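Right, one structure below, let's go through it.
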2 protein chains.
Amino acid sequence: MTVKSEQTRQLVAGVALRMFREIGFAKTTMRAIAAEAGISVGNAYYYFASKDDLVQELYLQVQAEHAARAAEALKDATDLTSRLRATLHTGLDAMAPYHRFGGDFIATAIRPTSPVNPFAAGSTAAREASLDIFRTAVGAAKPPAPKKLRSDLPELLWLCYMAVTLFWVYDNSEGQQRTRRLVDGAVPLVTRGLSLARIPGVGKILDDFLSLSRSIRG
Amino acid sequence: MTVKSEQTRQLVAGVALRMFREIGFAKTTMRAIAAEAGISVGNAYYYFASKDDLVQELYLQVQAEHAARAAEALKDATDLTSRLRATLHTGLDAMAPYHRFGGDFIATAIRPTSPVNPFAAGSTAAREASLDIFRTAVGAAKPPAPKKLRSDLPELLWLCYMAVTLFWVYDNSEGQQRTRRLVDGAVPLVTRGLSLARIPGVGKILDDFLSLSRSIRG
DNA sequence: CCTCAAATTTGAACGTGTTCAAGAAAAGTA
DNA sequence: TACTTTTCTTGAACACGTTCAAATTTGAGG
């Protein structure tokens, strides 16, 4: 029964994500999704345990889109600066269609108890996939990143990516160009500033951030 | 009729905040608040337009508590580092009773459309009061902060305070000691790093953050 | 083809935040 | 005091996310 079942699942996810884009998160009620998909409310819940789970689905699809775009863009970027810039910009590209829904998305995702929280166990798959993009960006860079940082850098950059996302949600400039400018301006500073991590105090702070980020995942 | 009216308002706010502390945000339903206060649901809504507005009330009270504690602690702190540290620690002290409720609080507050959003117009009073604490911390510091930064520094530090709050929400270490350590570690770095703002690139990034933060307030 | 257990689907029901027409109480006016 | 206006209070009602017992459909084994 996997075929029909998977069809229904895809139908619900497809309808929901389209409605998220077109009419926003609040107006996309579970009843509206069910009606649009031609099924009952309870049936939608058979496939997605909560409305948050549909956000999780969105998170997965956006992340897959990001991975595809990043892989393409990283082909002709060798130094860390341009690789990082390409990674962040393609990430913004992938999120773009959902910008109007960003506030609700982040409100859902930031709650520590939410399955959608990018630090939580329920998001392990999506987070690891997202982290892999940064691992690739850092790992294949020439010249290579400083040895001392190499293992933690992808994770730190991923945290920066989360911060950029937060900035992006609040950015109402046309096409979120302000976030683009922030990325363009901040990336060279970050890559040039990597040497700062050698300062003992800075390193300790970074360690704190990393271990907190890890401990949240429980 | 201002007296009785104000009494009722205080009653609702008091009951709500106590219930937030004692049983958490989700279990503190509007019906439960009304029942506990001995009034009708609609009457609670006469004084607070939404449950979020009660969170706003909490924000105001926490901020007042912060102001009081900071004023006391800043009495015997002269250099910027210790003044900043005192300001951040007293902020954490004021929030402490509500830590278990932090996730819900931040999920409410981070939504750009929420009246509780610390960047939004509805929070102007609370935000300005909070900013004033940082203005005092910076303004009376000896030796004084670099001229170039003096006008923007309180706002930047307030943004750091928001970031620390975010960290604190996710911090489940005993008594949130990890956040305390973060503050102790990060503050000297920040004060020592102030000279970095002279680097043109860094200055531009900071400007971007500030103007975004300002533009959100509409 | 028939049987039956598992997978899928239904729709009514619950508790939630919120709204609102209606009424009660207080304050203002004479 | 008697009337009017404003402020305050009520409780039923709405749409929402979510749950669940029951009904239906499906596929495997005979």
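Keep in mind that this is a model prediction, so the values were computed, not measured. Each chain gets a letter, A, B and so on, in the order the sequences are listed, and its residues count up from 1.
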Practice task
Please determine, for the side chain of A/Tyr47, which listed nucleotide (C/dT9, C/dG17, D/dC8) has the closest atom?
Solution key: C/dT9

Problem - Atom-to-atom span, CG of B/Asp53 to C1' of C/dT18 - whole angstrom - result: 12 Å

Completion exercise
Closest to the side chain of B/Asn43, out of D/dC8, C/dT19, D/dG11, is D/dC8

Handout entry: Pairs satisfying salt bridge (Lys or Arg N to Asp or Glu O under 4.0 Å), at least one member in residues 33-46 of chain A, at least two apart
Key = A/Arg18-A/Glu36

Exercise for the section: Provide, to the nearest angstrom, the distance between the CE atom belonging to A/Met30 and the P atom belonging to D/dT19. Expected result: 10 Å

Practice task
Indicate whether any N or O donor in one side chain lies under 3.5 Å from an N or O acceptor in the other, for A/Ser173 and A/Asp171.
Solution key: yes

Practice task
Quickly work out the B/Ile33 CD1 to C/dT18 C1' distance and round it to whole Å.
Solution key: 13 Å

Exercise for the section: For A/Tyr45 and for B/Ser40, locate the closest nucleotide of DNA chain D by heavy-atom distance; then report the residue assigned to the nucleotide nearer the 5' terminus. Expected result: B/Ser40

Problem - Side-chain donor/acceptor contact of B/Arg31 with base of C/dG17 under 3.5 Å - result: yes

Problem - Among D/dC16, D/dT10, C/dT9, the nucleotide that comes nearest once only the side chain of B/Ile39 is considered - result: D/dT10

Problem - Exercise: do A/Glu6 and A/Gln10 side chains pair donor with acceptor under 3.5 Å - result: yes

Fill in the blank from the handout: Of D/dT18, D/dT7, C/dT9, the nucleotide closest to the side chain of A/Lys51 is D/dT18

Handout entry: Protein-nucleotide distance (B/Gln7, atom CD; D/dC8, atom P), rounded to Å
Key = 12 Å

Handout entry: Of the listed nucleotides D/dC8, D/dT18, C/dG11, the one nearest the side chain of B/Tyr46
Key = D/dC8

Handout entry: Spacing of B/Phe48 atom CZ relative to D/dC8 atom P, expressed in whole Å
Key = 13 Å

Practice task
Side chain of B/Val41 only, please: which of D/dC8, C/dT18, C/dG11 is the nearest?
Solution key: C/dT18

Handout entry: B/Phe25 CZ - C/dG15 P separation (whole Å)
Key = 20 Å

Exercise for the section: Let me know the distance between CG of A/Asp104 and P of D/dG17, rounded to the nearest Å. Expected result: 12 Å

Practice task
Output yes when at least one side-chain N/O atom of B/Thr8 is less than 4.0 Å from OP1 or OP2 of D/dC8, else no.
Solution key: no

Practice task
Taking only Lys NZ, Arg NE, NH1 and NH2, and the carboxylate oxygens of Asp or Glu, determine whether B/Glu155 and B/Arg127 approach each other closer than 4.0 Å.
Solution key: no

Practice task
Look at A/Arg135 together with A/Asp132 and state whether they make a salt bridge at an N to O cut-off of under 4.0 Å.
Solution key: yes

Problem - For atom CG of B/Leu54 and atom C1' of C/dT18, their distance in whole Å - result: 13 Å

